[in-house]
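What follows is a single structure, written as structure tokens, with notes after it.
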Protein chains: 2
Amino acid sequence: MTDYPGVAVTVDLVVLTVREDRLQALTVRRGEEPYVGRWALPGGFLRPEEDLPAAAGRELAEETGVSAGQVHLEQLGSYGAPDRDPRMRTVTVAYIALAADLPVPVAGTDAADARWQPVADLVDRPAEDPGSLAFDHAAILRDGVERARAKLEYTPLATAFCGREFTVGELRHVYEVVWDRPLDPRNFHRKVTGTTGFLEATGGTTARDGGRPARLYRAGAATSLHPPLLRAPV
Amino acid sequence: MTDYPGVAVTVDLVVLTVREDRLQALTVRRGEEPYVGRWALPGGFLRPEEDLPAAAGRELAEETGVSAGQVHLEQLGSYGAPDRDPRMRTVTVAYIALAADLPVPVAGTDAADARWQPVADLVDRPAEDPGSLAFDHAAILRDGVERARAKLEYTPLATAFCGREFTVGELRHVYEVVWDRPLDPRNFHRKVTGTTGFLEATGGTTARDGGRPARLYRAGAATSLHPPLLRAPV
DNA sequence: CTAATAGTGTCTATCAGACAGTATACC
DNA sequence: GGTATACTGTCTGATAGACACTATTAG
């Protein structure tokens with residue numbers, strides 16, 4: 001009972017952002033076997049004295065240069081099929097990170113290259129496609145995207161995709177891109193400004209999108225939305 | 001990079017049921033160090049050739065005698081603080097199981113005893129209390145209970161707490177116990193019978209609760225509820 | 001001026017909560 | 001009969017979606 005074989009535990013990240021009107025995920029090109037040259041989710045081994053959230057934050061900082069305080073980071077789930085890594089028995093704990101548009105990613109230690117890629121281009125490729133993600137990362141990405149879509153319904157997390165200050169129009173754009181459906185600007189405005197704790201006006205305005213200047217907001221104190229902002233059922 | 005120290009991976013279960021008008025969790029008394037004699041969540045080591053869901057199903061069958069097909073089993077999350085087990089570095093993948101009232105639990109291999117205990121009695125004890133759960137299991141249980149409460153809002157999972165056939169009144173009782181708040185019987189009835197895919201009438205009736213006989217239902221085909229059944233905000 | 005986006009108001013169908021009233025069992 | 005639960009119906013206030021209208025900028 002005390003001598004069970006050890007398992008290698010890794011932490012992988014689904015880092016999502018809204019760039020160029022599309023939901024995109026951070027990918028790194030693998031520099032070693034297995035799957036050398038293929039794209040993969042950023043991640044790495046859990047260190048001996050490190051808690052799981054700390055490992056996720058460290059990997060995120062290594063790959064993107066941002067500290068964990070600037071993004072929303074939460075555990076997604078664990079994946080441990082016995083054959084998921086041909087080298088050894090591994091269990092990976094996946095996290096999702098929701099970030100505002102970040103600077104071009106920096107190449108991490110193991111990664112020959114790092115790049116944002118639209119999730120739509122990654123999710124549905126067959127495993128033989130050299131553009132598909134290594135290991136079981138396509139399934140992890142699918143789960144992470146679905147989690148993000150669901151969380152926008154009942155939490156104010158869409159603000160994590162925006163900068164520190166943003167307009168209602170920018171927030172709506174996040175919803176439209178993540179959910180991949182248009183929303184009525186008037187009704188959206190009424191709903192989000194009418195939900196207490198969602199938005200906090202800064203007093204400033206901006207006209208960066210053209211048209212009449214829009215009020216600027218910060219994320220409010222609420223951690224959940226009552227009532228939720230539901231996606232219309234098909 | 002390929003020689004990271006192994007970690008012991010365990011699977012722990014938050015098995016929930018509604019018994020005697022209270023939400024209860026399955027606990028086992030530890031038969032070995034550490035925390036010998038203390039109550040803990042059922043669980044055990046991940047076996048070398050076993051996937052995570054398979055390990056959770058196996059542990060559930062060992063502790064309760066029920067097969068995984070009879071209960072709802074889903075991953076809750078992973079816990080890996082470096083000091084969570086004094087013997088060695090462990091990461092546990094927690095699952096929640098929602099079950100109808102089960103036969104009295106059978107003692108598992110490692111467990112000197114097994115017992116249902118109301119979650120309210122387990123969740124808020126200080127760590128020094130000998131009745132409190134071992135390891136970080138109180139925190140895992142808290143997370144599992146909150147997950148179950150939330151899932152009742154937007155999925156038909158409350159049916160997992162009922163037998164194969166049940167009445168609307170029994171289903172409402174599940175909601176009232178899990179959410180710990182009374183619900184209006186008339187409005188509840190209208191809502192659940194009006195949500196397509198939630199319930200499927202069997203044609204039979206029963207008078208096991210006294211009063212006018214109630215129609216019997218099975219769980220329907222829906223996997224999510226549109227619109228959700230929201231808990232009133234306080 | 002036009003075009004664009006921001007923000008407010010209004011209408012309507014629907015829905016949640018409150019609760020009256022009827023149905024059918026057991027005692 | 002009384003009491004329990006099951007079920008249906010009705011009312012009212014709130015809300016979601018549709019969309020008209022005004023406000024304020026750029027060009």
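Quick note on labels: first sequence line is chain A, next is B, and so on, each numbered from 1.
Atom pair Arg181(A):CZ and dG17(D):P shows a separation of 11 Å (rounding to whole Å applied). The CG atom of Leu216(A) sits 17 Å away from the P atom of dT5(C) (whole-angstrom rounding). Here the C1' atom of nucleotide dA16(D) and the CD atom of Glu153(A) are 14 Å apart, to the nearest Å. Atom-to-atom, CZ of Arg215(A) to P of dT24(D) comes out at 11 Å; the value is rounded to the nearest Å. In this structure, the CG atom of Leu225(A) is 14 Å from the P atom of dT15(D), given to the nearest Å. dA6(C) atom P lies 12 Å from atom NE2 of His173(A), rounded to whole Å. Atom CZ in Phe188(A) sits about 17 Å away from atom C1' in dA18(D), given to the nearest Å. Straight-line distance from the NE2 atom of His226(A) to the P atom of dA16(D): 14 Å, rounded to whole Å.
Arg218(A) and Thr159(A) are not linked by any side-chain donor-acceptor pair at a separation below 3.5 angstrom, with hydrogens and angles left out of the test. Between the side chains of Tyr79(A) and Asp143(A), at least one donor N or O lies within less than 3.5 Å of an accepting N or O.
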### Query
Which parts of nucleotides 17-23 of chain C does protein reach within less than 4.0 Å, heavy atoms only, written one letter per nucleotide 5' to 3' as B for base, S for sugar-phosphate only and - for none?
BBBB--B
### Query
Should Thr195(A) and Leu229(A) be marked as a side-chain contact (heavy atoms from CB on, under 4.5 Å) after you check the CA-CA gap, both sets of side-chain angles, and the distance that decides it?
CA-CA 10 Å; Thr195(A) 302; Leu229(A) 244 151; 6.0 Å; no
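Residue Gly169(B) is the one, among Pro213(A) and Gly169(B), whose nearest nucleotide of DNA chain D lies closer to the 5' end (criterion: closest heavy atom). The residue among Glu170(A) and Gly211(B) whose nearest nucleotide of DNA chain C lies closer to the 5′ end is Glu170(A).
Ring-plane geometry between Trp179(B) and Tyr175(B) is classed as perpendicular, the angle between the planes exceeding 60 degrees on a 0 to 90 degree scale with a lower cut at 30.
In terms of phosphate contacts, His189(A) brings no side-chain nitrogen or oxygen within less than 4.0 Å of OP1 or OP2 of dA6(C).
At the heavy-atom level, Arg172(B) lies under 4.0 Å from the strands shown only through sugar-phosphate atoms. Ala207(B) comes within 4.0 angstrom of nothing in the nucleic acid, heavy atoms only. If you check every strand for non-hydrogen atoms under 4.0 Å, Pro185(B) touches nothing.
No salt bridge links Glu146(B) with Arg142(B); every basic N to acidic carboxylate O contact stays at or beyond 4.0 Å.
Atom CG of Asp180(A) sits in a sparse spot, with 12 or fewer heavy atoms from other residues, nucleotides or ligands closer than 6.0 Å.
Of the residues listed (His137(B), Arg115(B), Gln117(B), Arg38(B)), the one engaging Thr27(B) in a side chain to side chain donor-acceptor pair (under 3.5 Å) is Gln117(B), and it is the only one.
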